[in-house]
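Side chains are part of it too, since the values below use all heavy atoms of this structure and drop only hydrogens, waters and symmetry mates. The sequence lines fix the lettering, A, B, ..., with proteins before strands; numbering per chain opens at 1.
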Amino acid sequence: MVTSSDDAPEAHAAADPARNEWVVQVEGIVRARPEGTANAELATGEIEVAVDRLKVLNPSKVPPFYVNEEQPGLDESLRLTHRYLDLRRPAMQERLLVRARLSGAIRRVLEDEGFVDIETPTLIRSTPEGARDFVVPSRLQPGQFYALPQSPQQLKQLLMVAGYDRYYQLARCYRDEDLRGDRQPEFTQLDLEMSFVTETDVMDLVERTAIAVSEVVRPDRPILADPFPRLTYAEAMNRYGSDKPDIRFGMELVELSSVVGTVEFRVFTEPIAAGGAVFGIRAPGCGGYSRAQLDELIDLAKRHGAKGLVHLAVQDDGTLHGPASKFLGDVEGGLRDALAAEPGDLVLIVADADRIAAAEALGRVRLEMGDRLDLRDPSVLAYVWVHRFPMFTWDAESERWDATHNPFSAPIPEDVDRMTSDPASARAQQYDLALNGWELGGGSVRIHQRPLLEAAFALMGHSIEAMRDQFGALLDALEYGAPPHGGIAIGIDRWAALLAGVENIREVMAFPKTQSGADLMMDAPSPIAPEQLAELHLRVIEGD
RNA sequence: GGGCCCGUGGUGUAGUGGCCUAACAUGCCAGCCUGUCACGCUGGAGAUCGCCGGUUCGAAUCCGGUCGGGCCCGCCA
């Protein structure tokens, strides 16, 4: 846009005070730029508007940060305080558009598949299962509270009983737990449920949807594997040390228990004797790591539950060098062979009496090495299924079995009897979808028979009365010809973040909260007036 | 509940015990320039170094606490 003091002196004068973020209305003639003033760098570099009239519709205060350009180090709390300005920035707009394309594509694909969008309430009943509830006091019923749903789990199962055999919803969910980069107190799930399905049916449907959606939202990013690999939980833990493996790179775990079982090294022998395991990985070309680099890895392993991390550098002559090398004796060759380790490589080993703990700790080290060696290609979309989770996990603190995922998950048919005879070994018809090492979502085929569900709850230490009290409607409904059914819930925020290529779900939410649950723009949460409290039959306890 | 990191003009950074009367860039204001498009030139304003307390002759700098933000463990699906 150009103004000329000769051709349109008023417009020229009106334009003079205008600064960044002012809103102006312009009338003029679009014309080719004069010879020599075109700018190939700009999309509109060939043309200009010769302004005849210019009106300032609204001036702008000087913005607290640059709206018109990227500013990498910008304090996030400042962005959140002025989110309406932050959202003007092209990068934010781009990310919210990715998210909108995602939800739009999901709706189109699922509606084509015959799914029906049904809304469920956000004022429901509190149950002690799972995460801590957000609660809402009832004005009409003194001393009573609603809970905001952690997910519409029971409601969607009731919809199955009601005969809506293909339900979906982009549902807002609420969990009052501590926050992370990938966790907000309120978030959005693609929630869906189907009747008369096996776990394969659900996985197939979700997989079709995920592929179609990915191709619409990010046609530029290749899907690593189609169909998605399907790993059992045991396989995922043994190979990747994670139930949400990043399969963009190898460096798989190798179990070394049998290889090193004979050495006189208590770090290995004691865990094995206790029923645990020894796992190793090979970090190619990292044999020259410094003390400091190794210490970081050891710290990382310890932070994730390992007692320690054994490191061995493969020398040119094939021998293994490290603090533990003197214990290795004649297993040195077997160890090297098991890991296919070459001179110059670094071998990293974790042993633990709990084989899952050993695998998980080394799995975190594996991810760290993937980052260090730049093996996690950010352009690739690596979806993977993990299924056949253990139904129950022993909760040592409360001394009872707890649902590994969801208390409504059904056992796989051949493990029904183990539910009571050997709960630790019973596997659920439970499946998780992971993308690039993030858990995108999970679901299961549900228990659709009341006696079985009651048995599962009983195992988890719920009394008959408590069950009836908290899950009465669902238990009753199962007695009225409830169809077999199953479904899944996918985290839309995480999915959008991964598709947008950002590591924080706040970047794909218009108005997110800080780690302490504050909305810096609206200044929430906030105290409420004494009259409001009184109306809700509440009294605030000062202190603590 | 716990661990770690950060907090210095509007914004991003430098400064880690005296040389700081706090520097640089950008932004802002004024003037000049007027075919520029990250315009240019000249000048100017703008910071009680998040807050409170302590140590010290002396604190942006060290210590304790506190507030705010972030990352992580626990927690959470």
Side-chain angles (χ1 to χ4, degrees), chain A residues 1-6 12 15-17 19-21 33-50 60-82 85-86 129-134 150-151 153 173-185 187 189 191 243-244 296 299-306 360-361 364 368 386 389 393 395 397 402-409 430-434 438-444 488-491 493-494 503-504 506 512-518 520 523 544:
Chain A
M1 256 178 294
V2 289
T3 61
S4 157
S5 52
D6 296 333
H12 188 72
D16 190 53
R19 294 291 180 273
N20 282 344
E21 307 308 312
R33 293 193 182 191
E35 196 71 38
T37 62
N39 185 346
E41 304 275 307
L42 302 176
T44 58
E46 298 290 318
I47 56 168
E48 65 187 19
V49 180
S60 172
K61 297 211 299 189
V62 175
F65 50 84
Y66 301 114
V67 174
N68 56 331
E69 57 190 86
E70 287 305 307
Q71 201 184 344
L74 183 57
D75 180 27
E76 192 173 353
S77 63
L78 195 71
R79 294 174 56 199
L80 291 176
T81 306
H82 304 274
L85 295 178
D86 190 38
E129 274 300 318
R132 193 178 293 114
D133 283 325
F134 277 101
Q150 298 174 27
S151 79
Q153 182 64 33
C173 304
Y174 307 85
R175 290 179 190 155
D176 190 6
E177 295 292 346
D178 288 355
L179 308 180
R180 290 282 191 285
D182 62 352
R183 291 194 333 226
Q184 282 273 304
F187 59 99
Q189 280 189 347
D191 192 49
D243 61 1
K244 41 181 190 292
E296 279 175 20
D299 274 356
L300 179 79
K302 284 184 174 169
R303 242 185 305 133
H304 290 92
E360 282 184 330
R364 297 303 297 244
E368 172 66 19
V386 177
F389 283 82
T393 309
D395 182 348
E397 202 172 314
D402 202 3
T404 303
H405 275 82
N406 179 317
F408 306 103
S409 298
Q430 162 80 37
Y431 31 84
D432 275 10
L433 182 60
W438 281 31
E439 181 192 332
L440 259 199
S444 60
I488 197 166
I490 306 270
D493 311 278
R494 289 182 187 178
E503 291 185 356
N504 195 307
R506 293 189 297 271
K513 290 173 181 60
T514 66
Q515 199 158 56
S516 59
L520 297 179
D523 197 19
D544 64 1

Between the base of [N] and the side chain of [X], is there any donor-acceptor pair under 3.5 Å?
X        : N      : value
A:Arg180 : B:rG74 : yes
A:Arg33  : B:rC37 : yes
A:Asp178 : B:rG74 : yes
A:Arg364 : B:rC72 : no

What are the atom names and distances for every N/O pair under 3.5 Å that joins the protein to nucleotides 26-29 of chain B?
from	atom 1	to	atom 2	distance (Å)
B:rU26	O2'	A:Tyr66	OH	2.5
B:rU26	O2	A:Tyr66	OH	3.2
B:rG27	O4'	A:Tyr66	OH	3.2
B:rC29	OP2	A:Arg19	NE	3.4

Can you name the closest pair of heavy atoms from [X] and [Y] and give their distance?
X        : Y        : result
A:Gln150 : A:Ala131 : NE2-O, 2.6 Å
A:Val67  : A:Leu85  : CG1-O, 3.9 Å
A:Arg79  : A:Leu74  : CG-CD2, 3.5 Å
A:Thr3   : A:Ala15  : CG2-CB, 4.1 Å
A:Leu80  : A:Pro512 : CD2-CG, 3.7 Å

Checklist entry - So which of residues 299-306 of chain A are in contact with RNA chain B, with a heavy-atom cut-off of under 4.0 Å? => result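 Result for residues 299-306 of chain A: A:Arg303, A:His304, sorted by number.
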Next on the checklist: Need to verify one output field. Residue with the more 5' nearest nucleotide on RNA chain B, A:His12 or A:Asp243?
Outcome noted: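 It is A:His12 whose nearest nucleotide is closer to the 5' end.
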Next on the checklist: Please compare A:Thr37 and A:Pro64 by the position of their nearest nucleotide in RNA chain B and report the one closer to 5'.
Outcome noted: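 That would be A:Pro64.
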Next on the checklist: Rounded to the nearest 0.5 Å, what separates atom CD in A:Gln71 from atom CZ in A:Phe65?
Outcome noted: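 Rounded to the nearest 0.5 Å, the CD-CZ separation comes out at 8.5 Å.
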Using a 4.0 Å heavy-atom cut-off across all strands, classify [X] as base, sugar-phosphate, or nothing.
X        : value
A:Glu503 : nothing
A:Pro72  : nothing
A:Leu78  : sugar-phosphate
A:Gly442 : nothing
A:Gln515 : base
A:Gln150 : sugar-phosphate
A:Gly181 : sugar-phosphate
A:Leu80  : nothing
A:Gly36  : nothing

Item to check | For B:rG27, the Watson-Crick or wobble counterpart (both distances under 3.5 Å) | outcome: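 Paired with B:rG27, as far as the under-3.5 Å criterion goes, is no nucleotide at all.
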Checklist entry - Should B:rC4 form a Watson-Crick or G-U wobble pair with both distances under 3.5 Å, which nucleotide is its partner? => result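 WC or wobble partner is B:rG70.
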Inter-nucleotide [atom1] distance ([N], [M]), Å rounded:
N      : M      : atom1 : result
B:rC37 : B:rG70 : P     : 39 Å
B:rG50 : B:rU16 : P     : 15 Å
B:rU21 : B:rU26 : P     : 26 Å
B:rG40 : B:rG35 : C1'   : 13 Å

Does some side-chain heavy atom of [Y] sit less than 4.5 Å from a side-chain heavy atom of [X]?
X        : Y        : answer
A:Arg494 : A:Arg183 : yes
A:Arg364 : A:Arg303 : no
A:Thr404 : A:Gln430 : no
A:Val386 : A:Glu439 : no

Calculate the interatomic distance between [X] atom [atom1] and [N] atom [atom2]; express it in whole Å.
X        : N      : atom1 : atom2 : result
A:Arg132 : B:rC75 : CZ    : C1'   : 7 Å
A:Glu46  : B:rC37 : CD    : P     : 17 Å
A:Phe65  : B:rU13 : CZ    : P     : 14 Å
A:Gln184 : B:rG69 : CD    : C1'   : 14 Å
A:Leu85  : B:rG10 : CG    : P     : 17 Å
A:Leu520 : B:rG70 : CG    : C1'   : 12 Å
A:Leu74  : B:rG7  : CG    : P     : 15 Å
A:Asp86  : B:rG10 : CG    : P     : 20 Å

Taking only side-chain N and O atoms of [X], does any of them lie within less than 4.0 angstrom of OP1 or OP2 on [N]?
X        : N      : value
A:Ser516 : B:rG69 : yes
A:Thr514 : B:rG69 : yes
A:Asn504 : B:rC71 : yes
A:Arg494 : B:rC76 : no

Next on the checklist: If you only use heavy atoms from C-beta on, which nucleotide in B:rC76, B:rG69, B:rG12 is closest to the side chain of A:Gln71?
Outcome noted: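 Nearest to the side chain of A:Gln71 among the choices is B:rG12.
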Next on the checklist: Can you confirm whether the side chains of A:Asp493 and A:Gln184 place a donor and an acceptor under 3.5 Å from each other?
Outcome noted: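 No, no side-chain donor-acceptor contact under 3.5 Å.
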Checklist entry - Any side-chain donor paired with an acceptor under 3.5 Å for A:Asp75 and A:Ser77? => result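 Yes, because at least one side-chain N or O of A:Asp75 sits under 3.5 Å from a partner of the opposite role on A:Ser77.
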